Asker: 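Let me begin by handing over the structure; questions about it come next.
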Amino acid sequence: MNSEFEIFDERMRELLLPDSSLEKLATGATWSEGPVYFPKEDAVIWSDIPSNRLLRWSARDGLSEFFFFVH
């Protein structure tokens, strides 16, 4: 396993493939948290807290701001 990972709970090793690595998807966020992967969209969405926005990344579309509407 790549030494890029700092593992705090050994159970995490069960979830990673031996050749797993980290990849920076985007820059420009001040403070990011909460990444969630959506398999149907093949996209990752996360929060940029200080900028009060959600960001979305997919291999097909690249980086964009994510908007959702509550009815």
Side-chain angles (χ1 to χ4, degrees):
M1 182 180 312
N2 196 311
S3 63
E4 297 175 89
F5 295 97
E6 184 175 357
I7 296 177
F8 296 98
D9 186 328
E10 289 301 314
R11 293 175 293 179
M12 180 68 181
R13 292 190 193 283
E14 297 172 23
L15 303 174
L16 298 172
L17 297 173
D19 62 344
S20 295
S21 64
L22 296 174
E23 178 182 351
K24 184 183 287 190
L25 299 177
T27 61
T30 305
W31 170 35
S32 296
E33 72 171 10
V36 178
Y37 176 67
F38 291 89
K40 285 186 177 182
E41 294 186 32
D42 194 23
V44 179
I45 297 174
W46 68 94
S47 302
D48 180 13
I49 303 298
S51 299
N52 195 30
R53 65 184 180 162
L54 295 173
L55 297 171
R56 179 184 182 276
W57 182 90
S58 73
R60 184 186 69 204
D61 303 323
L63 179 66
S64 62
E65 197 162 337
F66 180 75
F67 298 95
F68 67 95
F69 300 96
V70 178
H71 298 282

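Positions are given from 1, in the same order as the sequence printed here. Here the structure is a predicted model, which is why all the values come from computation and not from measurement.
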Asker: With the side chain counted from C-beta on, respond yes when Leu63 and Thr27 share a heavy-atom pair under 4.5 Å apart, and no when they do not.
Answerer: no

Asker: Identify whether Trp31 and Leu55 are in the same connected component of the hydrophobic contact network (ILVMFWY, side-chain heavy atoms under 4.5 Å).
Answerer: no

Asker: Taking Glu10 first and then Arg13, would you say they form a salt bridge - that is, a charged N and a carboxylate O separated by under 4.0 Å?
Answerer: yes

Asker: Rounded to the nearest 0.5 Å, how far apart are CE of Met12 and CD of Glu6?
Answerer: 12.5 Å

Asker: Between Ser32 and Trp46, what is the shortest heavy-atom contact and its length?
Answerer: OG-NE1, 3.3 Å

Asker: Just verifying a value: how many Å separate Trp57 CH2 and Glu23 CD, rounded to the nearest 0.5 Å?
Answerer: 5.5 Å

Asker: Atom CZ in Arg53, atom CZ in Phe66: separation rounded to 0.5 Å?
Answerer: 14.5 Å

Asker: If you round to the nearest 0.5 Å, how far is CG of Asn52 from OG1 of Thr30?
Answerer: 11.5 Å

Asker: Passes side chain to side chain contact (heavy atoms under 4.5 Å, CB included), Ile49 versus Glu33? Steps please.
Answerer: CA-CA 8 Å; Ile49 303 298; Glu33 72 171 10; 3.6 Å; yes

Asker: Could you walk me through whether Ser58 and Asp42 satisfy the side chain to side chain contact (heavy atoms under 4.5 Å, CB included) test, starting with their C-alpha distance in whole Å, then the side-chain angles of each, then the deciding distance to 0.1 Å, before giving a yes or no?
Answerer: CA-CA 6 Å; Ser58 73; Asp42 194 23; 5.6 Å; no

Asker: Test of understanding: clusters of I, L, V, M, F, W, Y form through side-chain heavy atoms closer than 4.5 Å, transitively. Do Tyr37 and Leu22 belong to the same one?
Answerer: no

Asker: Given side chains that start at C-beta, do those of Ile45 and Phe38 come closer than 4.5 Å, heavy atoms only?
Answerer: yes

Asker: Does any non-hydrogen side-chain atom of Val36 lie less than 4.5 Å from one of Val44?
Answerer: no

Asker: Any side-chain heavy atom of Glu65 sitting closer than 4.5 Å to one from Asp48?
Answerer: no

